[in-house]
There are 2 protein chains.
Amino acid sequence: MIFITKVIYLLKRLSKYRTKLGNKKKATIKDIANVLNISPAAVSKALHDDSRISEKTKKAVKQVAKNLNYQPNHLASALRKGKSNLVGVIVPRTNSNFFSSVIQNMEEVLNRKGYNIIITQSNESYKKECANIDTLLFTQVDGIIASMANETVDLSYYEKIKSKGIPLILFDRGENDLNVDYIGINDYESSHMIVEHLVNQGCKRIAHIGGYKHTRIYNNRIRGYIDALKKYHLPLENELLIESNLTTEDGREKMQQLLNLENRPDAVYVAGDYAALGALQVLNEQNIKVPHDIALVGFGDEPFTAMVTPTLSSINQQSSEIGRLAALTFLEHAKKDIVTQSLNKQILDAKLIVRESSKKHI
Amino acid sequence: MIFITKVIYLLKRLSKYRTKLGNKKKATIKDIANVLNISPAAVSKALHDDSRISEKTKKAVKQVAKNLNYQPNHLASALRKGKSNLVGVIVPRTNSNFFSSVIQNMEEVLNRKGYNIIITQSNESYKKECANIDTLLFTQVDGIIASMANETVDLSYYEKIKSKGIPLILFDRGENDLNVDYIGINDYESSHMIVEHLVNQGCKRIAHIGGYKHTRIYNNRIRGYIDALKKYHLPLENELLIESNLTTEDGREKMQQLLNLENRPDAVYVAGDYAALGALQVLNEQNIKVPHDIALVGFGDEPFTAMVTPTLSSINQQSSEIGRLAALTFLEHAKKDIVTQSLNKQILDAKLIVRESSKKHI
DNA sequence: TAGTTATGCTTAAACGTTTAACCAAAAAAT
DNA sequence: ATTTTTTGGTTAAACGTTTAAGCATAACTA
């Protein structure tokens, strides 16, 4: 009898609360506490399955929470706990398959551990990148995972992240000098694979449209290209090694530059797929047979490489694995409460995907 | 003299604070207050240029803030003010040029007004979409801008957003029933433009590989296609109207289905570029001349449409404008403190970009 | 000169959680 | 029967801001 009156009493309190809230204000831990006549602290503990709270109370709390449509206020708990459970991501752009795939896999791993990600794009602009860093720091992210813009040479803004004491993890476009964790592929070896493949196809004059030398990954690709040429006793000529921003447009220009040479190359290795596409367009337009007259290899394995005519050989960069590892690396840092940056490099092996554009004999 | 001692005194306090903080803990408003011997409230007001604070104090506060490398704690202010200055974005995927361009423009407008955006991807999955909504609500976003997954038919989760009292704005893939703001293009008219263009090229049997009928935009494209056929007295045959999920793979399949017909079409209008690409691949593989034997038109004006052979005619969806308008619409809602959802549709005119795949006579 | 107003702050409470420290009552141990 | 331990909580402070309300002091007004 007493039990029943109590239940009725509680139901009354509850419905009173519900009408009072009237879908207007969000229910808080305090509201739940009031309904059950216990302290907010007890509610908080109950919701977190604290061992010092009885099963009965936990059940009741969860029931009332559901009824009041309670949603924890993330801001409050983040403020109190000193962490936001947000991870900031900076990429040059999202509309490349590589970056969007990296992000997707990162998100998957991080979501599972209760983290959300804030994605920002630098559009390859250093200024935008700095703004993004400010934005992310302002939002109190618990860490930042980034791939640097092409333009970026000044690292002071990244030092700012480090000095804030939150983990910074770089992928793809990174910098040794920053002394932080890095996940990427073996660019130097990839160049070797490409040159070796082209040599096997019978190519003798291999050109390279590379990225900016000041960017580590492109520098490594260039070094790989040079060393591989040496290895196969091929001529290393200045006119065959061109620096580019690797956009489609610039790919066109640099290809034209190669075609204007007295002594044309019989193969071109382009350090990015978009630029390789530009190169291919120029070759197609001028009826230069690919791969017969000039073989072509790109870098990145963007989906369109399998769509163009002829299909474009390229390097697969293991985007999913990079995303997964970057996320796991962050989680490692997040586990320990003392932030210790370490130059821990995780270098993955890339795969050469041979397609029509470089298959001389079938 | 007194002035100088005071300055020295302050400098001492400051340096004491700096070493105390020692790059360890972040400086707060309270630290600044302590250095200057004023109240935290005064500091807060000074930083916000409150008129009740003297210029002298403001200057001093800002100077000390800079020296201590003070960064406002966004979580605290968000908690206090009851708003996070975060806008949630849900898109089916980011690696399509359309969505990434929408996002980029949205971001630009919102950043200028002090908002940051959290991007989430549904991967066309209803379940992921629901999880994303929960995530965003949990993160206390001030509003959500979304484009729905293909799978989504149940709108209860979106109702959940509305019931939370934060603005919801849909773009591209929206739903009338939700009764919220919507920004998109005129799909019905776009179909008309395409059919008209194909008729002008002399096509007589025009097929349509469309999206799911239950999605409003695809339904509109289908209706536009049907009505345009009527207008030009062309045969409307069931076998020429196919429903698809519009992936590249499905585009291949559905194209093959059309090729298997007794009476093949002489033009195919595909409601999405990726599916159109699949269709093109099948046609190229079987040496069916495009546009001579079969003309082809896609939808979306993805960059690759200008890369493939032959280049693909398509509809430009005004991504930048959509992003801009979605952001502005959110800001409109954010201005007024009372949230009032309205079915305010902003429909933009799309542009048909004619390329090789549908140019029969040049 | 008294009264009013403007200036430039301070005080204190609030936002919603979390958590260390404490405590009463019940259960177990001696 | 007394002490100890366990159970199931409570209290109060804290996280870093913002803001309404209050209050001296200075400056103007009549």
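Below, read A as the first sequence line, B as the second, and so on, with proteins coming before strands; counting in each chain starts at 1.
Between B:K45 and B:Q71, the residue anchored closer to the 5' end of DNA chain D is B:Q71, taking for each the nucleotide with the nearest heavy atom. Toward the 5′ end of DNA chain D lies the nearest nucleotide of A:V43, the other residue of the pair A:V43 and B:A76 mapping further downstream. Map B:T57 and B:R80 each onto its nearest nucleotide of DNA chain C; the residue landing nearer the 5' end is B:T57.
Contact of the B:I166 side chain with the B:D142 side chain is not registered, since no non-hydrogen atoms from C-beta on lie closer than 4.5 Å.
In this model, the phosphate group of C:dT19 is not approached by any side-chain N or O of A:S44 to a distance below 4.0 Å at OP1 or OP2.
The residue B:S77 sits close only to the backbone: its heavy atoms come under 4.0 Å of sugar-phosphate atoms, none of a base. Within the 4.0 angstrom heavy-atom criterion, no nucleotide atom of any strand lies near B:S51. Here A:S54 lies in heavy-atom contact (under 4.0 Å) with sugar-phosphate atoms only. Contacts of A:S39 with the nucleic acid, taken as non-hydrogen atoms under 4.0 Å apart, include base atoms. In this structure, B:I38 reaches the sugar-phosphate backbone alone: every heavy-atom distance under 4.0 Å involves primed, P, OP1 or OP2 atoms, never a base.
Under the salt bridge (Lys or Arg N to Asp or Glu O under 4.0 Å) criterion, A:D50 pairs with no residue, sequence neighbours left out. For A:T329, the side-chain hydrogen bond (donor to acceptor under 3.5 Å, both in side chains) partners at least two apart in sequence or on another chain are A:Q346. Every residue was checked against the side-chain hydrogen bond (donor to acceptor under 3.5 Å, both in side chains) condition with B:S147, not counting sequence neighbours, and none meets it. Applying the side-chain hydrogen bond (donor to acceptor under 3.5 Å, both in side chains) rule to B:D49 yields the partners B:K62; only residues at least two apart in sequence or on another chain are considered. With sequence neighbours left out, B:E332 forms a salt bridge (Lys or Arg N to Asp or Glu O under 4.0 Å) with B:K335. Taking the side-chain hydrogen bond (donor to acceptor under 3.5 Å, both in side chains) definition, one finds that A:E107 meets it with nothing, sequence neighbours left out.
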Give the table of side-chain donor-acceptor pairs shorter than 3.5 Å for residues 111-125 of chain B, with sequence neighbours excluded, one pair per line with atom names and distance.
unit_1 : atom_1 : unit_2 : atom_2 : d
B:Y115 : OH     : B:K83  : NZ     : 3.0
B:T120 : OG1    : B:V89  : O      : 2.9
B:Q121 : OE1    : B:T94  : N      : 3.3
B:S122 : OG     : B:E124 : N      : 3.3
B:E124 : OE1    : B:N150 : N      : 2.6
B:E124 : OE1    : B:R173 : NH1    : 3.2
B:E124 : OE2    : B:R93  : NH1    : 3.2
B:E124 : OE2    : B:R173 : NH2    : 2.9
B:S125 : OG     : B:K127 : N      : 3.3
B:S125 : OG     : B:K128 : N      : 2.9

Between the protein and nucleotides 22-27 of chain C, list the N/O to N/O atom pairs that are separated by less than 3.5 angstrom.
none

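Following rounding to the nearest Å, B:K58 (NZ) and C:dC9 (C1') show an atom-to-atom distance of 13 Å.
Closest heavy-atom contact between A:V141 and A:S84: CA-OG, 3.6 Å.
Along DNA chain D, read 5' to 3', the first and last nucleotides having any atom under 4.0 Å from a heavy atom of chain B are D:dG16 to D:dA21.
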